[in-house]
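Naming convention: chains lettered A, B, ... in sequence-line order (proteins, then strands); numbering from 1 in each chain.
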Amino acid sequence: MKRLLHPLSLTTLEDYTDPSFSAAVIDWQKQHGRHTLPWQNTRNAYLVWLSEIMLQQTQVSAVLGYYARFLERFPTLRDLAAAPVEDVMAQWSGLGYYTRARNLHKCAQQVVAQYDGVFPADPALLAELPGIGRSTAAAIAAFSSGTRAAIMDGNVKRVFARVFGIDAFPGEKKVEQDMWRRAEALLPATGIEAYTQGLMDLGATVCTRSSPACGRCPLQARCVAYATGRTKDLPVRKPKKTSPEKHAVMLVVIDQGQVLLELRPGTGIWGGLLSLPELDGHVLHNTGSVLPAIDQQALTRAVAPFGEIESVETLLPIVHVFTHYKLHIVPCRITLAHRNLLAGEAGFVWLDSDKLADAALPAPVKKLLLDLCGDSQAVQRSMF
DNA sequence: CTCCGGTGGA
DNA sequence: TCCACCGGAG
């Protein structure tokens, strides 16, 4: 029978069901998974919950010691709920993400107050409690009451991205939704504990981010990434956040074969180098593609010590990328009517343009000036 | 150094 | 939808 097509949708309604997937994971988990972690082999929801919260963003090896000490100090949910939050924080100290500890304490008090100290089995109810999201709720429900529910943590995302060749960033909503749909469809009819633990163990010990042990993977035969040699490229990494953008209006004053330069402060960007004088008040943050309007009065004031402006020409911006931000250099070319030959200003120098190549200038500034002076000389030559 | 990640809040 | 929270790993 042909695949159903939703009448109003451009895409097919995929059916991701495949019992052989969970069978492979469960079988592997029973033979090669982890079975003796301190929070395993129990259905005590307090023990399970505590472990799942500690394991958020945190590896097993880091959790082990904290888990043991925490339970020594707070053996039961009621002990935890009754304790001062400061004691909880103290036990958590060093584990990181301290909101987890505050939420843990709040959650304990809430479970005592709302549920008489008994965690609900329904993942939807668990997910309403502080610090428990959809994935953690599913894990707690699966391990503490055998409830069929899908987890979706970093391990699962990595395994799914590779096995199914999902070639898009999992942080995108539709990609994550698709993964959740797969996760729900692939749940086993029985054996949710071994399956859930198996996915976690697989991601943590075999399908690792770098150099996965594909030779030991029970899903190798069905893994798209393995088959196509793309384990290195999947899952698709988070697109690097666009670095902040700044603008700097740089004054290009060329007169009588000399360029006006300013010595930069010893510290900070381009510390101690010569550079073009910058117009104050024009370094704008996150302005995107919008160019700063140039303040003519500020311009006149800035140039005044060196002469009288005859004309101003804004040149095409140059983009310079640093590790932590992007600088748009807006060159502002100024022609002087009269050059002030007296004193000048401290920290400023007139440099012969034929010495630019050897001057201590930032690379983008040197390139800009060499281009400009080259051009202007060419233009001057052509005029004769 | 950079990258990674569940949850919750902006 | 974006990002802070933190510590560990590469």
Side-chain angles (χ1 to χ4, degrees), chain A residues 39 48-67 69-70 85 88-111 119 123-143 149-162 166 168-180 183 196-197 199-213 231-245 285-286 288 321-326:
Chain A
W39 43 86
V48 170
W49 163 68
L50 177 63
S51 74
E52 289 302 329
I53 301 301
M54 285 189 168
L55 288 165
Q56 289 168 355
Q57 277 76 45
T58 311
Q59 300 204 327
V60 166
S61 57
V63 165
L64 287 170
Y66 283 88
Y67 186 76
R69 287 192 296 275
F70 199 94
V85 69
V88 181
M89 300 310 293
Q91 285 299 318
W92 204 271
S93 165
L95 200 50
Y97 287 98
Y98 298 95
T99 305
R100 292 185 296 172
R102 293 182 200 290
N103 281 333
L104 191 83
H105 189 234
K106 259 201 284 183
C107 182
Q109 296 180 329
Q110 212 167 307
V111 171
F119 279 92
L125 292 179
L126 284 169
E128 290 176 8
L129 294 164
I132 303 180
R134 181 173 174 187
S135 183
T136 301
I140 296 169
F143 292 132
I151 60 165
M152 184 51 62
D153 64 5
N155 289 327
V156 179
K157 283 178 183 167
R158 189 167 55 252
V159 171
F160 279 20
R162 285 175 175 163
I166 298 172
F169 175 53
E172 263 175 81
K173 199 171 87 173
K174 63 172 202 198
V175 178
E176 189 170 359
Q177 272 179 352
D178 179 71
M179 288 194 171
W180 274 109
T196 303
Q197 188 66 49
L199 279 182
M200 293 173 168
D201 291 356
L202 208 46
T205 68
V206 172
C207 194
T208 50
R209 187 149 65 88
S210 51
S211 46
T231 53
K232 188 168 40 61
D233 307 317
L234 298 176
V236 171
R237 279 162 299 280
K238 179 191 172 98
K240 9 179 177 300
K241 54 170 185 257
T242 59
S243 49
E245 307 204 9
H285 296 251
N286 298 317
V321 180
F322 293 97
T323 49
H324 48 309
Y325 67 90
K326 203 189 258 189

If you apply the rule side-chain contact (heavy atoms from CB on, under 4.5 Å), what do you find for A/Phe169 with A/Lys238, and how did you get there? CA-CA 6 Å; A/Phe169 175 53; A/Lys238 179 191 172 98; 3.5 Å; yes
- Could you walk me through whether A/Ile132 and A/Ile53 pass side-chain contact (heavy atoms from CB on, under 4.5 Å), step by step? CA-CA 8 Å; A/Ile132 303 180; A/Ile53 301 301; 4.3 Å; yes
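The shortest side-chain heavy-atom distance between A/Trp92 and A/Met54 falls under the 4.5 Å cut-off.
Taking atom CG of A/Leu104 as the reference point, atom P of C/dC5 lies 20 Å away to the nearest angstrom. Residue A/Ile140 contributes atom CD1, which lies 14 Å from atom P of B/dG6 at whole-angstrom precision. Remark: P of C/dC2 and NZ of A/Lys173 are 11 Å apart, rounded to the nearest angstrom. Rounded to whole Å, the distance from CE on A/Met89 to C1' on C/dC5 is 12 Å. Rounded to an integer number of Å, the gap from A/Met200 CE to B/dG5 P is 15 Å. Between the CE atom of A/Met54 and the C1' atom of B/dT7 there is a distance of 17 Å, given to the nearest Å. In this structure, the CD atom of A/Glu176 is 10 Å from the C1' atom of B/dG6, given to the nearest Å. Rounded to an integer number of Å, the gap from CD of A/Glu52 to C1' of B/dG5 is 15 Å.
In this structure, CD in A/Gln109 is found 10.5 Å from CG in A/Leu104, a value given to the nearest 0.5 Å. Atom CZ of A/Phe143 sits about 5.5 Å away from atom CD of A/Glu52, to the nearest 0.5 Å.
Taking 4.0 angstrom as the limit, A/Thr136 places a side-chain polar atom (N or O) nearer than this to OP1 or OP2 of B/dT7.
Nearest heavy-atom pair, A/Glu128 versus A/Gln110, reported as atom, atom and distance to 0.1 Å: O-NE2, 4.4 Å.
Contact check of residues 125-132 of chain A against DNA chain B (heavy atom, cut-off under 4.0 Å) returns A/Leu129, A/Pro130, A/Gly131, A/Ile132.
Looking at residues two or more places apart in sequence or on another chain, you find a ring pair (Phe, Tyr, Trp, His ring centres under 6.0 Å) between A/Tyr67 and A/Trp39.
Between the side chains of A/Asn103 and A/Arg100, no donor N or O sits under 3.5 Å from an acceptor N or O.
Other residues, nucleotides and ligands place no more than 12 heavy atoms under 6.0 Å from the CZ atom of A/Arg102.
Residue contacts shown for A/Arg237 are limited to sugar-phosphate atoms, with no base heavy atom under 4.0 Å away. Among the protein residues, A/Lys157 comes within range of no part of the nucleic acid, since none of its heavy atoms lies under 4.0 Å from any strand.
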Strictly under 3.5 Å: I want the nitrogen or oxygen pairs between protein and nucleotides 7-10 of chain C, one per line.
unit_1, atom_1, unit_2, atom_2, d
C/dG7, OP1, A/Tyr98, OH, 2.8

